[in-house]
J.: 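One structure, as structure tokens, below. Some questions next.
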Amino acid sequence: MRDKRSPILVQCVLILLSVIFVAPFGFMISTSLEGDAQIHSASLQFIPHPAIWANYPKALQYFPFWLYLRNTLIICSVTVIGTLFSAVLPAYGFARLRWRGRNTLFFVMIATIMLPSQVALMPVFLMFRSLGWSGTFLPLTVPAFFGNAFSIFLLRQFFLGIPQELSDAARLDGCNEFGILWRVILPLAKPALATVALFAFMGAWTDFQGPLIYLHDEHLYTLAIGLNSFLGRHTSEWNLLMAASTVVTIPLIVAFFFAQRTFIQGIAMTGGKG
């Protein structure tokens, strides 16, 4: 007989884990609404009273938020497009086509995930500098068009779960491989494509190392660099820093909130075949 306490125990553990993960974000919002006196007060108030909403517009006045937002959105948009474009074709080739050395090349590609980015940091920087790309968005966007091993792996796993009979039927109707990919595979792979796009967007949005290395003009800074410069200039104004951090974090939460069903479906359906 099944123990009725098991689901309750699972729910309690999930609630506890949720509180642990949400607590830092709640602390950030709480601090962003506090005044200077409340921040330096000995008593701990999780819900500030009174809540100072004026911290948000005040924080955004300390650095060119809208300019940095535009730069970040440009980089994120191009990165998402490049990641999808460069991941779909290799994933289809690894999943749906049979050719010599396919599995060997796939494992070599997977092995590149274990290579730390810091290992190739200096050679890549020297290459981009020799091309004259330093100080532009190109080093942050062009690599997305040359394939991401994790994105290719994710799409490949999803493509493996699509029945082969659909591709065979399309071939009988006269479709070539590009036609099958465009008319059969991609319409069925929307959850996986959305998952890859969300990962690419989040990676570009939160990237700090790349913009720090390649962007030298303040007019090209992203929000991540803007927050770091804000911290350097206003080290003691934690309420304003938390207000700016909240504004930068909210788009990621909103994006995940609206895409969570598709995101979870895409993740769940990529672990089928190997």
Side-chain angles (χ1 to χ4, degrees), residues 25 28 56 59-60 62-91 113 117-118 120-121 124-125 128 131 133-155 158 186 189-231 241-267 270:
F25 185 68
M28 181 173 64
Y56 283 87
L60 299 184
Y62 276 98
F63 68 106
F65 171 79
W66 298 108
L67 175 62
Y68 294 169
L69 176 62
R70 186 201 67 179
N71 296 338
T72 305
L73 289 177
I74 291 174
I75 294 174
C76 289
S77 301
V78 178
T79 300
V80 169
I81 294 172
T83 301
L84 291 175
F85 178 80
S86 62
V88 165
L89 291 177
I113 298 179
S117 60
Q118 291 80 4
L121 184 61
V124 171
F125 171 76
F128 286 146
L131 292 173
W133 290 3
S134 183
T136 68
F137 291 154
L138 293 176
L140 305 176
T141 55
V142 171
F145 288 86
F146 288 86
N148 177 276
F150 177 74
S151 300
I152 295 172
F153 168 76
L154 203 64
L155 289 179
F158 191 94
L186 291 184
K190 290 180 180 179
L193 294 174
T195 301
V196 170
L198 186 59
F199 274 125
F201 179 84
M202 292 175 61
W205 184 275
T206 59
D207 184 25
F208 177 76
Q209 178 178 275
L212 179 65
I213 294 174
Y214 295 110
L215 301 181
H216 315 306
D217 187 352
E218 285 193 17
H219 293 88
L220 299 178
Y221 280 0
T222 61
L223 288 173
I225 301 297
L227 278 181
N228 183 68
S229 62
F230 186 100
L231 176 62
L241 176 62
M242 292 302 172
S245 301
T246 302
V247 173
V248 173
T249 306
I250 284 177
L252 293 178
I253 298 175
V254 172
F256 180 79
F257 177 79
F258 284 103
Q260 62 176 327
R261 181 175 297 180
T262 305
F263 175 78
I264 295 173
Q265 183 182 359
I267 290 292
T270 54

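Positions are given from 1 along the sequence.
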J.: Are the side chain of Thr72 and the backbone of Leu223 linked by a donor-acceptor contact shorter than 3.5 Å?
T.: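 Checking the backbone N and O of Leu223 against the side chain of Thr72, a donor-acceptor pair under 3.5 Å is found.
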
J.: Assess whether atom CZ of Phe85 is packed by more than 12 heavy atoms of other residues, nucleotides or ligands within 6.0 Å.
T.: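 At most 12 heavy atoms, drawn from other residues, nucleotides or ligands, come within 6.0 Å of this atom.
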
J.: Can you establish whether the number of heavy atoms outside Met202 located under 6.0 Å from its atom CE is more than 12?
T.: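 Count not over threshold, so no.
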
J.: For the residue pair Phe63 and Ala244, what are the closest heavy atoms and their distance?
T.: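 Smallest heavy-atom distance, with atoms named: CE2-CB, 4.0 Å.
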
J.: Do Tyr68 and Ile225 have side chains that approach each other closer than 4.5 Å (heavy atoms only, starting at C-beta)?
T.: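 Contact flag for Tyr68/Ile225 side chains = no.
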
J.: Restricting to non-hydrogen atoms, name the atom on Ile152 and the atom on Pro90 that form the minimum distance, rounded to 0.1 Å.
T.: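 Nearest pair, atom of Ile152 first, then Pro90: CD1-CB, 3.9 Å.
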
J.: So which atom in Phe146 and which in Ser86 form the shortest heavy-atom distance, rounded to 0.1 Å?
T.: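 It is N-CB, 4.0 Å.
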
J.: Would you say Val142 and Phe137 make side-chain contact, with heavy atoms under 4.5 Å?
T.: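 Result no, sub-4.5 Å side-chain heavy-atom pair not found.
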
J.: Tell me if a side-chain donor or acceptor on Ser77 pairs with a main-chain N or O of Ile74 at a distance below 3.5 Å.
T.: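 Pair absent, no side-chain N/O of Ser77 close to backbone of Ile74.
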
J.: Nearest heavy-atom pair of Leu186 and Val88: which atoms, and what distance?
T.: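 Distance-wise, the nearest heavy atoms are CD2-CG1, 3.8 Å.
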
J.: Applying side-chain contact (heavy atoms from CB on, under 4.5 Å), run through Ser229 and Glu218 and close with a yes or a no.
T.: CA-CA 10 Å; Ser229 62; Glu218 285 193 17; over 6 Å; no

J.: Rounded at 0.5 Å granularity, tell me how far OH in Tyr62 sits from CG in Leu241.
T.: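 Between atom OH of Tyr62 and atom CG of Leu241 there are 12.0 Å.
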
J.: Measure from the side-chain N and O atoms of Thr141 to the backbone N and O of Thr79, and report whether any donor-acceptor pair falls under 3.5 Å.
T.: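 No, Thr141 side chain to Thr79 backbone: no donor-acceptor pair under 3.5 Å.
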
J.: Working to the nearest 0.5 angstrom, can you tell me the gap between Leu215 CG and Thr136 OG1?
T.: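 If we round to the nearest 0.5 Å, Leu215:CG and Thr136:OG1 are 8.0 Å apart.
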
J.: Search all heavy atoms of His216 against all heavy atoms of Ile213 and return the closest pair with its distance.
T.: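 Looking at all heavy atoms of both residues, the shortest contact is CE1-O, 3.2 Å.
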
J.: Any chance you could measure His219, atom NE2, to Asn71, atom CG, to the nearest 0.5 Å?
T.: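 That separation rounds to 10.0 Å.
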
J.: So Phe153 and Phe150, would you call those rings parallel, tilted or perpendicular, with 30° and 60° as cut-offs?
T.: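 Correct class here is tilted.
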
J.: With a 4.5 Å heavy-atom cut-off, do Asp207 and Pro211 have their side chains touching?
T.: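 The answer is yes, as the side chains (C-beta and beyond) meet within the 4.5 Å cut-off.
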
J.: Check the pair Tyr56 / Thr246 against side-chain contact (heavy atoms from CB on, under 4.5 Å), numbers first and verdict last.
T.: CA-CA 9 Å; Tyr56 283 87; Thr246 302; 3.7 Å; yes

J.: Can you measure from OG (Ser134) to CZ (Phe125) and round to the nearest 0.5 angstrom?
T.: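 Result: 5.0 Å between the selected atoms.
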
J.: Hey, is the main chain of Thr249 close enough, under 3.5 Å, to the side chain of Trp205 for a donor-acceptor pair?
T.: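 Flag not set: sc Trp205 to bb Thr249 has no pair under 3.5 Å.
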
J.: Please check if the side chain of Asn148 supplies one atom and the backbone of Thr83 the other of a donor-acceptor pair under 3.5 Å.
T.: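 Not a single qualifying donor-acceptor pair exists.
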
J.: Starting at OG1 of Thr222, measure out to CZ of Phe208 and round the result to the nearest 0.5 Å.
T.: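 Those atoms lie 8.5 Å apart.
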
J.: Angle between ring planes, Tyr214 versus Phe128, binned at 30° and 60°: parallel, tilted or perpendicular?
T.: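 Because their plane-to-plane angle is over 60°, the rings of Tyr214 and Phe128 count as perpendicular.
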
J.: Which heavy atom in Gly135 sits nearest to a heavy atom in Leu220, and how many Å separate them?
T.: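 Looking at all heavy atoms of both residues, the closest pair is O-CD1, 3.0 Å.
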
J.: What distance separates Lys190 NZ from Thr195 OG1, expressed to the nearest 0.5 Å?
T.: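 These two atoms lie 14.0 Å from each other.
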
J.: Under a 4.5 Å cut-off applied to non-hydrogen side-chain atoms, are Phe158 and Leu193 in contact?
T.: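 The answer is no; the side chains never approach within 4.5 Å.
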
